[in-house]
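Working notes, beginning with the structure itself.
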There are 2 protein chains.
Amino acid sequence: MSEPNTRTSSRIQRQNREVILEAALDVFSAQGFRGATLDQIASAAGLSKPNVLYYFASKEAIHLELLSGLMDSWLAPLRALDPAGEPLDEILDYVRRKIEMSRDYPRESRLFANEILQGAPRMAEAIEGELKSLVDEKAAVIGGWGAEGRISAVDPHHLIFSIWALTQHYADFDVQVRAVLGPGHDPFAEAGRFLEVLFTRLLTPAVGQTSDI
Amino acid sequence: MSEPNTRTSSRIQRQNREVILEAALDVFSAQGFRGATLDQIASAAGLSKPNVLYYFASKEAIHLELLSGLMDSWLAPLRALDPAGEPLDEILDYVRRKIEMSRDYPRESRLFANEILQGAPRMAEAIEGELKSLVDEKAAVIGGWGAEGRISAVDPHHLIFSIWALTQHYADFDVQVRAVLGPGHDPFAEAGRFLEVLFTRLLTPAVGQTSDI
DNA sequence: TTGATGTTTGACCATATGGTCAGTCTCAGG
DNA sequence: CCTGAGACTGACCATATGGTCAAACATCAA
């Protein structure tokens with residue numbers, strides 16, 4: 001009886017854990033935690049259920065592993081926002097990075113959305129800790145830019161929320177977006193263009209007037 | 001043996017069905033379809049499980065009833081957008097109505113979000129039908145306004161998406177928003193102000209330039 | 001080849017859950 | 001006060017599901 005999840009992980013260990021996590025991401029993101037079953041995950045991974053449980057202690061453990069790995073990559077784009085950069089460019093770059101994430105990692109986005117929708121029972125800590133500090137920090141930067149008149153002065157927290165909402169919408173509500181647009185559209189490309197306009201207009205300081213709206 | 005869900009519904013019938021739907025909305029919106037159990041619903045309704053099933057044929061039937069009732073109220077705010085009105089006001093009114101819905105009916109918003117997230121298995125029809133037609137219709141109106149220069153010309157479909165994303169975010173991601181803002185905030189009031197600025201800036205035609213961005 | 005370590009699985013278990021049913025209780029109308 | 005249609009429930013069932021375990025199998029260094 002050996003504990004697989006130790007430092008002595010062989011090639012096959014790492015590989016199978018990876019395969020399981022990949023399969024679990026598929027299933028959890030599509031069905032939610034309670035909707036997903038170990039059989040589905042095992043089947044998607046091409047392994048037997050007991051074998052899956054040989055690599056992970058429980059269904060919950062798989063889910064937690066996915067979530068914990070998620071927060072970091074989720075925060076990365078915001079972390080990259082450079083206080084020393086050109087304000088509008090920095091924010092537009094952030095928007096671009098977030099759309100790319102929605103396009104390239106929609107399952108991760110949905111996994112996250114599922115979790116928050118259910119009240120974030122397993123992420124409350126990370127949200128009130130890591131996430132909040134980073135947002136507060138970057139919001140202060142953006143608020144500073146606004147106060148200096150380098151961009152329009154808008155509530156920085158809600159600006160960040162709006163970026164999250166607008167970009168993640170295209171991953172989380174993908175089916176709806178595609179159904180409404182109909183065939184022959186590239187939602188993410190169009191979104192990229194639309195959002196660039198939106199945030200440019202929102203943040204470009206009006207020439208000759210400080211903030212009358 | 002009588003079928004309760006006929007036209008001959010007594011006072012107690014209507015009342016209990018209402019109580020059950022109310023309880024089910026609580027549970028489904030918080031746990032998702034698969035996460036919700038009949039026991040939870042029955043308990044929340046203050047009824048026994050068999051009694052719940054005396055009023056509804058199945059768990060699925062309750063869920064469907066909620067969803068079908070939802071689409072109409074969900075479309076109402078967009079329906080109210082008046083082609084004969086003042087463009088910017090019409091759109092800002094729509095935004096206001098949608099925020100009020102997020103504030104006053106967050107459970108409905110989450111129920112909807114849950115459904116779309118899971119790929120909208122039970123709403124695909126309504127989305128490709130009712131929803132798409134209405135959006136196409138109103139998008140044409142907004143597109144017309146843009147072409148006439150009464151508002152900035154932006155992609156009308158994505159404009160509507162952005163309104164959905166920005167308003168529903170505050171209902172669906174409520175816990176995250178509140179966690180990040182910290183205590184002493186009224187997310188919906190702040191969001192209302194922020195979004196008014198956002199859409200005003202986006203849609204107000206730049207004076208002296210047609211559309212150079 | 002062999003033994004030890006690591007990997008895999010069929011069979012099984014306990015519990016949760018959607019749903020059924022026979023029968024009991026309630027109460028409005030006669 | 002009766003009575004029967006309507007409202008309700010305890011007990012039960014079948015299945016799904018997370019998880020366990022002993023035993024079989026694979027791999028590889030000695």
Side-chain angles (χ1 to χ4, degrees), chain A residues 1-28 30-67 114 118 121-122, chain B residues 1-28 30-67 114 118 121-122:
Chain A
M1 207 163 294
S2 68
E3 276 297 317
N5 40 339
T6 50
R7 302 301 137 215
T8 29
S9 44
S10 61
R11 213 162 311 128
I12 190 164
Q13 289 255 351
R14 263 172 309 216
Q15 181 183 312
N16 274 350
R17 281 178 67 92
E18 198 44 51
V19 166
I20 291 168
L21 287 174
E22 174 70 18
L25 178 57
D26 257 9
V27 179
F28 281 136
Q31 321 272 174
F33 179 74
R34 298 221 32 190
T37 72
L38 278 176
D39 283 300
Q40 287 175 316
I41 295 171
S43 161
L47 299 173
S48 67
K49 185 168 65 170
N51 204 10
V52 167
L53 289 167
Y54 172 71
Y55 289 101
F56 290 91
S58 64
K59 177 184 170 183
E60 174 114 23
I62 304 176
H63 194 239
L64 281 177
E65 180 102 1
L66 283 174
L67 285 183
N114 258 307
Q118 322 288 306
R122 310 158 220 272
Chain B
M1 206 162 296
S2 67
E3 275 298 317
N5 40 341
T6 50
R7 302 301 136 217
T8 28
S9 44
S10 62
R11 212 161 312 129
I12 191 167
Q13 288 256 351
R14 265 172 308 216
Q15 181 183 313
N16 274 349
R17 281 179 67 91
E18 198 45 51
V19 166
I20 291 169
L21 287 174
E22 175 70 18
L25 179 57
D26 257 9
V27 179
F28 281 136
Q31 321 272 171
F33 179 73
R34 296 224 29 192
T37 72
L38 279 175
D39 284 298
Q40 287 174 316
I41 295 171
S43 162
L47 299 173
S48 67
K49 184 168 68 170
N51 203 14
V52 167
L53 289 168
Y54 173 71
Y55 289 102
F56 290 90
S58 65
K59 178 184 171 184
E60 174 114 24
I62 305 176
H63 195 240
L64 281 177
E65 179 103 2
L66 283 174
L67 284 183
N114 257 306
Q118 321 290 309
R122 308 157 221 272

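Each chain gets a letter, A, B and so on, in the order the sequences are listed, and its residues count up from 1.
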Between [N] atom [atom2] and [X] atom [atom1], what is the distance in whole Å?
| X | N | atom1 | atom2 | answer |
| --- | --- | --- | --- | --- |
| A:R14 | C:dG6 | CZ | P | 14 Å |
| A:Q15 | D:dT27 | CD | P | 13 Å |
| B:Q31 | C:dA16 | CD | P | 16 Å |
| A:Y55 | C:dG6 | OH | P | 12 Å |
| B:F56 | D:dA7 | CZ | P | 13 Å |
| B:I41 | C:dT17 | CD1 | C1' | 12 Å |

Between [options], which one does the side chain of [X] approach most closely?
| X | options | value |
| --- | --- | --- |
| A:S58 | D:dA7, D:dG19, C:dT17 | D:dG19 |
| B:I12 | C:dG6, D:dC8, D:dT20 | D:dC8 |
| B:L38 | C:dG19, D:dC8, C:dT8 | C:dG19 |
| B:K59 | C:dG18, D:dC8, C:dG6 | C:dG18 |

Most 5' of A:L53 and A:G35 on DNA chain D, judged by nearest nucleotide:
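Here A:G35 is the residue nearer the 5' end.
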Does the side-chain hydrogen bond (donor to acceptor under 3.5 Å, both in side chains) test come out yes or no for A:Q118 and B:N114, once each step is laid out?
CA-CA 9 Å; A:Q118 322 288 306; B:N114 257 306; 3.3 Å; yes
Quick one: does any side-chain atom of B:R34 pair with a main-chain N or O of A:A36 as donor and acceptor, under 3.5 Å?
no
Within the structure, does a side-chain N or O atom of A:R34 lie under 4.0 Å from either OP1 or OP2 of D:dG18?
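No, A:R34 has no side-chain N/O under 4.0 Å of OP1/OP2 on D:dG18.
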Report yes if at least one side-chain N or O of B:Q13 is closer than 4.0 Å to OP1 or OP2 of D:dA7; otherwise report no.
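The answer is yes; a side-chain N or O of B:Q13 sits under 4.0 Å from OP1 or OP2.
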Contact class for A:A42 vs. all strands (heavy atom < 4.0 Å): base, sugar-phosphate, or nothing?
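The residue A:A42 makes no contact with any strand.
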Examine A:K59 relative to A:F28 and say whether NZ or CZ is less than 6.0 Å from the centre of the six-membered ring and inside a 45° cone about the ring axis.
no
Every protein N/O lying under 3.5 Å from an N/O of nucleotides 9-12 of chain C:
residue, atom, partner, partner atom, Å
C:dT9, OP2, A:S48, OG, 3.0

Please list, pair by pair, any protein nitrogen or oxygen found under 3.5 Å from a nitrogen or oxygen in nucleotides 23-25 of chain D.
none

